[in-house]
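First the proteins, then the strands, lettered A, B, ... as listed; each starts at 1. Note that this is a predicted model, so its numbers are computed, not measured. Side-chain atoms are counted along with the backbone in the values below, which use heavy atoms only and exclude waters and symmetry mates.
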Protein chains: 2
Amino acid sequence: MVNRSTPPQSSNPEKPDKAQAILAGALPVFTKHGYAAASMDRIASAAGVSKPTLYNYFQDKQGLFIALIHQLTQNNSQLILSLPTEPDLQTPPEQVLRQMATAVLEEFANNPALLTLMRLIIGESERFPELAQTHVREIIKPLMERLSLYLASQPQLKLSDPVVAARIFTGSLVHYLIIQNILHGSEILPLERDRMVNGLIQLLTAGEAEGAV
Amino acid sequence: MVNRSTPPQSSNPEKPDKAQAILAGALPVFTKHGYAAASMDRIASAAGVSKPTLYNYFQDKQGLFIALIHQLTQNNSQLILSLPTEPDLQTPPEQVLRQMATAVLEEFANNPALLTLMRLIIGESERFPELAQTHVREIIKPLMERLSLYLASQPQLKLSDPVVAARIFTGSLVHYLIIQNILHGSEILPLERDRMVNGLIQLLTAGEAEGAV
DNA sequence: GTCTATAAGTCGATAGAC
DNA sequence: GTCTATCGACTTATAGAC
């Protein structure tokens with residue numbers, strides 16, 4: 001079960017590694033068929049290599065899948081965390097939050113690989129619970145902490161619990177994406193993106209409007 | 001690929017159908033392994049029938065899976081819609097909403113099959129998009145409409161957009177379940193259920209506290 | 001129970017770099 | 001010549017379907 005022939009050092013950053021080519025070829029196969037139904041033959045041909053080469057770079061199917069998800073997680077971690085690095089503490093929070101929400105929804109709309117990653121991680125969360133946890137640790141948790149800190153730094157919002165508010169903000173957007181995009185519900189349960197964002201922002205910033213205290 | 005031998009009418013509601021036994025046996029196999037990795041052999045032995053019997057009652061693996069998800073959808077549709085049939089318009093909305101939220105989270109906690117169904121539907125939403133859409137149509141949409149109507153009937157909440165508020169309410173809870181339970185994030189990103197519910201209710205009912213207008 | 005297809009994973013030979 | 005990445009062909013097991 002364990003294959004410990006020396007994998008041709010995949011940590012050589014000089015030439016565009018063949019491991020990268022394999023991962024790039026594996027991505028669409030896994031995302032289209034799911035883990036179990038993705039065959040190593042298909043992945044090999046998609047990557048333009050032979051099957052033994054696959055096994056030269058990755059121990060087995062699981063190892064390849066784990067490496068792929070980890071890479072995607074890394075990419076998206078950097079991507080997500082690079083967006084609202086240090087929101088202007090000057091600009092009004094409703095503007096910052098609206099920018100964040102719109103940016104997230106647009107990013108997911110323009111980059112279907114993100115939706116795919118979400119679907120894969122959820123779908124395979126029983127087979128690969130450690131991958132799901134890695135995703136929580138590397139992406140969701142930093143995002144949530146950042147958002148909580150920002151919300152807590154805006155006392156005029158009068159949010160009683162910024163941690164929960166961050167969950168509500170993120171959860172509403174993720175759930176919107178799940179229904180509209182992943183579950184293909186946009187015709188069955190239509191809801192304009194701007195309407196969703198506006199309603200969400202209004203709810204979160206309603207405390208501000210509370211009289212002139 | 002298409003099998004049109006007469007299936008012993010599985011639409012006979014008289015005798016506790018053998019189709020029911022097959023579906024009951026198939027459920028844990030599909031939920032544990034996912035669609036692709038669930039084998040008909042395993043399903044047959046789990047259901048206590050022979051493999052030809054499977055194919056006697058269901059056209060093929062796809063047909064069996066679709067029938068299973070449809071049945072689960074039906075069950076949960078009735079279950080979910082039976083809960084807050086006609087919330088007392090007397091009792092204060094924060095109490096009604098708290099009851100709803102707690103009931104939903106407890107129902108999912110006590111009934112892991114619901115989480116499993118959610119995961120299956122999301123995970124197989126590319127392979128079976130029509131199942132995902134059925135789920136939206138039969139469960140999510142009625143739930144959302146009911147909730148929107150209730151929220152709209154409570155003008156003192158001052159919700160500018162009850163439709164979006166219903167999404168936020170549901171989305172926050174679903175996202176909470178996804179992170180804590182499906183992605184196994186309860187240790188990585190802990191958040192007490194009551195704290196989540198309280199924060200959510202507080203945000204939705206904050207408009208009420210708005211001064212004495 | 002049987003049949004056929006296809007899956008994951010392996011092996012011996014090859015071919016190019018130094 | 002040696003070393004090593006590569007590949008076509010193969011084995012074994014197990015899948016779906018009847």
When you measure from every atom of DNA chain D, which of residues 23-39 of chain B have a heavy atom less than 4.0 Å away? B/A38, B/S39
If each of A/P52 and B/D41 is mapped to the nucleotide of DNA chain C with the nearest heavy atom, which maps nearer the 5' terminus, i.e. the 5' end?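 Per heavy-atom nearest nucleotide, the more 5' residue is B/D41.
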For residues 168-191 of chain B, which residue pairs pass the ring pair (Phe, Tyr, Trp, His ring centres under 6.0 Å) check, not counting sequence neighbours?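 Ring pair (Phe, Tyr, Trp, His ring centres under 6.0 Å) check on residues 168-191 of chain B returns no pairs.
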From the set D/dC7, C/dA8, D/dA5, return the single nucleotide nearest to any side-chain atom of A/Y55. C/dA8
Proximal nucleotide (of D/dG16, D/dC7, D/dA5) relative to the B/K61 side chain: D/dG16
Looking at CG of A/L72 and CG of A/L23, how far apart are the two atoms once the value is rounded to the nearest 0.5 Å?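 That separation rounds to 8.5 Å.
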Tell me: [atom1] of [X] to [atom2] of [N], nearest whole Å?
{"X": "A/K18", "N": "D/dT4", "atom1": "NZ", "atom2": "C1'", "result": "12 Å"}
{"X": "A/M40", "N": "D/dC7", "atom1": "CE", "atom2": "C1'", "result": "15 Å"}
{"X": "B/L54", "N": "C/dT2", "atom1": "CG", "atom2": "P", "result": "19 Å"}
{"X": "B/R42", "N": "D/dT14", "atom1": "CZ", "atom2": "P", "result": "10 Å"}
{"X": "B/L64", "N": "D/dA17", "atom1": "CG", "atom2": "C1'", "result": "13 Å"}
{"X": "B/I43", "N": "D/dT14", "atom1": "CD1", "atom2": "P", "result": "17 Å"}
{"X": "B/Q62", "N": "D/dG16", "atom1": "CD", "atom2": "P", "result": "12 Å"}
{"X": "A/Y57", "N": "D/dT4", "atom1": "OH", "atom2": "C1'", "result": "10 Å"}

Does A/K51 contact C/dG9 through a side-chain donor or acceptor facing the base, at a distance under 3.5 Å? yes
Could you list all the side-chain hydrogen bond (donor to acceptor under 3.5 Å, both in side chains) pairs where at least one residue sits in residues 25-47 of chain B, not counting sequence neighbours?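 Counting only pairs at least two positions apart or across chains, the side-chain hydrogen bond (donor to acceptor under 3.5 Å, both in side chains) contacts touching residues 25-47 of chain B are B/D41-B/K51.
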Side chain to side chain, A/Q133 and B/L183, heavy atoms closer than 4.5 Å: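 The answer is no; the side chains never approach within 4.5 Å.
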Any side-chain heavy atom of B/F30 sitting closer than 4.5 Å to one from B/I43?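 They are in side-chain contact.
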Tell me, with the steps shown, if B/I179 and A/M144 meet side chain to side chain contact (heavy atoms under 4.5 Å, CB included). CA-CA 12 Å; B/I179 291 186; A/M144 231 50 102; 4.0 Å; yes
With respect to the phosphate group of D/dG8, does any side-chain polar atom (N or O) of A/S50 fall under 4.0 Å of OP1 or OP2? no
Within the 3.5 Å criterion, strictly below it, is a donor on A/Q202 or B/S160 matched to an acceptor on the partner's side chain?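 There is such a pair between these side chains.
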